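Structure first, then comments.
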There are 2 protein chains.
Amino acid sequence: MKTSKDKNRIPEATMRRLPRYFLQIKRLLDEGSRYVSSKKLGDYLGVKGTQIRKDLSYFGVFGKARYGYETLSLAKAIKKILGLTKQYKMVIVGAGNIGRALASYSGFHTCGFDVKYIFDIDDKKIGNIISGVKVYDFNKIEEILDKGEIDIAIISTPENKALQAAQRLKDNGVNAFYNFTSAELNSIEDVFIEDAEISHGIFKLAHRLRGKWPRKESD
Amino acid sequence: MKTSKDKNRIPEATMRRLPRYFLQIKRLLDEGSRYVSSKKLGDYLGVKGTQIRKDLSYFGVFGKARYGYETLSLAKAIKKILGLTKQYKMVIVGAGNIGRALASYSGFHTCGFDVKYIFDIDDKKIGNIISGVKVYDFNKIEEILDKGEIDIAIISTPENKALQAAQRLKDNGVNAFYNFTSAELNSIEDVFIEDAEISHGIFKLAHRLRGKWPRKESD
DNA sequence: TAGATTGTTAATCGATTAACAATC
DNA sequence: TAGATTGTTAATCGATTAACAATC
């Protein structure tokens, strides 16, 4: 496991907030706001102004005293930080309920994430078209994918197939995984993993409902 | 915003790990393991043994020196902590791609989360049955729901409808929300909110692919 | 017993925030 | 100018982990 002890490393907490900053700034842009202060942006998101200024300072993003941040250039800066200036090619592995929903998810396409292939092992699904994307036989994946062609794989298989699927994708040159199963993919070396297991969130809600605190992570 | 400064408060970071502990222990139970050490459990999850022992100590969960933790009683303890000993009644608001996938998501039902109603405002969807659950007219929600009947609402509407939908649900006695939209629901007072916006995760992956660090949040 | 593993303490590390001089 | 807001420093707060006596 390659851990960077880089002094210039971006704090994880900052990275968790950045997508929310980005989406809120896009909303402000849509409304025609030209400037936004860290205070005002923070109020929208339940974050303190100092926090936002500090987060942005890691990236050398500068506002103007008295005016705040220019929305358009801030949006561009965060877009660059988040790596949204290039296109990403994705595959979805597992054409179940979640996989199909993700294939149709508009948020990917509008931000430069293109689903190129969907894979499954079910003959009834292979050959189908989901949101304009064809379902291929996962067992023929080596014939279909060029090495290095795919940037990100979404894993939406049954839990007990997730690890072997991800490993096989890695062997084919994929090294970023968005994992929607509850499987632990930690054992795969030298790849990026983002977990998005749905039941985790509902467990946390259940805990808070029982215990009655706190309302949000950020509280 | 009611923020507990309780000294006995469970750290957020602990709460984020607990669901993963729970699922891994269930896997171990399925394999027939009767005991597991904090070291071994941690190795499965990429977490240090001390971390696990500390997390569990907040809840007064005790292992046995030399043996570790008894899997069955540990599973029961975490189940209780997470509030999974009771049933939760849910509604899904928005019968789009994500809403339909969630209605069919087996992870909810098997853990005691029951989807009672699905709501939408589209006449073409109202009256349909999705995974055995009927789609109702959101505009008649007050006639359909008894106050206090519903524990958790899943928000899977378009972004620009999310806030008003959640507010209307709150007015009908719902005070926990699992938000799958990118809308910010912070402005609703005195409710529990868990965000699960899909694009946030893919943004973080894109950032790491660009910058090449770090592989996982936990690294 | 011997040794593996516990729960807890204290040290370290990282993230948040109050305070404030600089500045537009 | 006057005052709002910035970027940064230093203090605080919270989370992780090394160390270790206790214990099964």
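A quick note: this is a predicted structure, and the numbers were derived from the prediction, not measured. Per chain, numbering begins at 1; letters A, B, ... match sequence-line order.
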Note: for A:A65 and B:G68 on DNA chain C, the residue whose nearest nucleotide lies more 5' is B:G68
Kindly check if the number of other-residue, nucleotide or ligand heavy atoms within 6.0 Å of [atom1] ([X]) is above 12?
{"X": "A:Y35", "atom1": "OH", "value": "yes"}
{"X": "B:K170", "atom1": "NZ", "value": "yes"}
{"X": "B:K86", "atom1": "NZ", "value": "yes"}

A:S38 near the nucleic acid: base, sugar-phosphate alone, or nothing, with a heavy-atom cut-off under 4.0 Å? sugar-phosphate
Can you check the [X] [atom1] to [N] [atom2] distance for me, whole Å?
{"X": "B:L45", "N": "D:dT16", "atom1": "CG", "atom2": "C1'", "result": "16 Å"}
{"X": "B:M15", "N": "D:dA15", "atom1": "CE", "atom2": "P", "result": "13 Å"}
{"X": "B:K39", "N": "C:dG7", "atom1": "NZ", "atom2": "P", "result": "17 Å"}
{"X": "B:K64", "N": "C:dA4", "atom1": "NZ", "atom2": "P", "result": "19 Å"}
{"X": "A:I10", "N": "C:dG14", "atom1": "CD1", "atom2": "P", "result": "14 Å"}
{"X": "A:E12", "N": "D:dG14", "atom1": "CD", "atom2": "C1'", "result": "16 Å"}
{"X": "A:E70", "N": "D:dT6", "atom1": "CD", "atom2": "C1'", "result": "16 Å"}
{"X": "B:Y67", "N": "C:dT5", "atom1": "OH", "atom2": "P", "result": "12 Å"}

Exam field: side chain A:T181 to backbone A:S156, donor-acceptor pair closer than 3.5 Å: no
Do the side chain of A:R20 and the main chain of B:H200 share a donor and acceptor less than 3.5 angstrom apart? no
Donor-acceptor list for residues 36-43 of chain A side chains, cut-off 3.5 Å, not counting sequence neighbours:
| unit_1 | atom_1 | unit_2 | atom_2 | d |
| --- | --- | --- | --- | --- |
| A:S37 | OG | A:K40 | N | 3.1 |
| A:S38 | OG | A:R53 | NH1 | 3.0 |
| A:K39 | NZ | A:D43 | OD1 | 3.4 |
| A:K39 | NZ | A:D43 | OD2 | 3.0 |

Pairing of A:E149 and A:K116 as salt bridge, 4.0 angstrom limit: no
Ignoring backbone atoms, establish whether B:Y35 has a side-chain N or O less than 4.0 Å from OP1 or OP2 of D:dC24. no
OP1 or OP2 of C:dG14 versus the side-chain N and O atoms of A:Y58: is any pair under 4.0 Å? no
Find out whether B:I202 and A:Y88 are in side-chain contact, i.e. whether some heavy atom of one side chain is under 4.5 Å from a heavy atom of the other. no
So is B:R168 actually on top of B:F138's ring, under 6.0 Å and inside 45° of the axis? yes
Does any residue of residues 47-56 of chain A have a heavy atom under 4.0 Å from DNA chain C, and if so, which ones, in number order? A:K48, A:T50, A:Q51, A:R53, A:K54
What's the closest nucleotide to the side chain of A:R66 if the choices are C:dG3, C:dT16, D:dG3? D:dG3
Tell me which of B:T14 and A:Y69 sits closer to the 5' end of DNA chain D, going by the nucleotide each one is nearest to. A:Y69
Watson-Crick and G-U pairing of DNA chain C, under 3.5 Å, as dot-bracket with | and [ ]: ..||||||||||||||||||||||
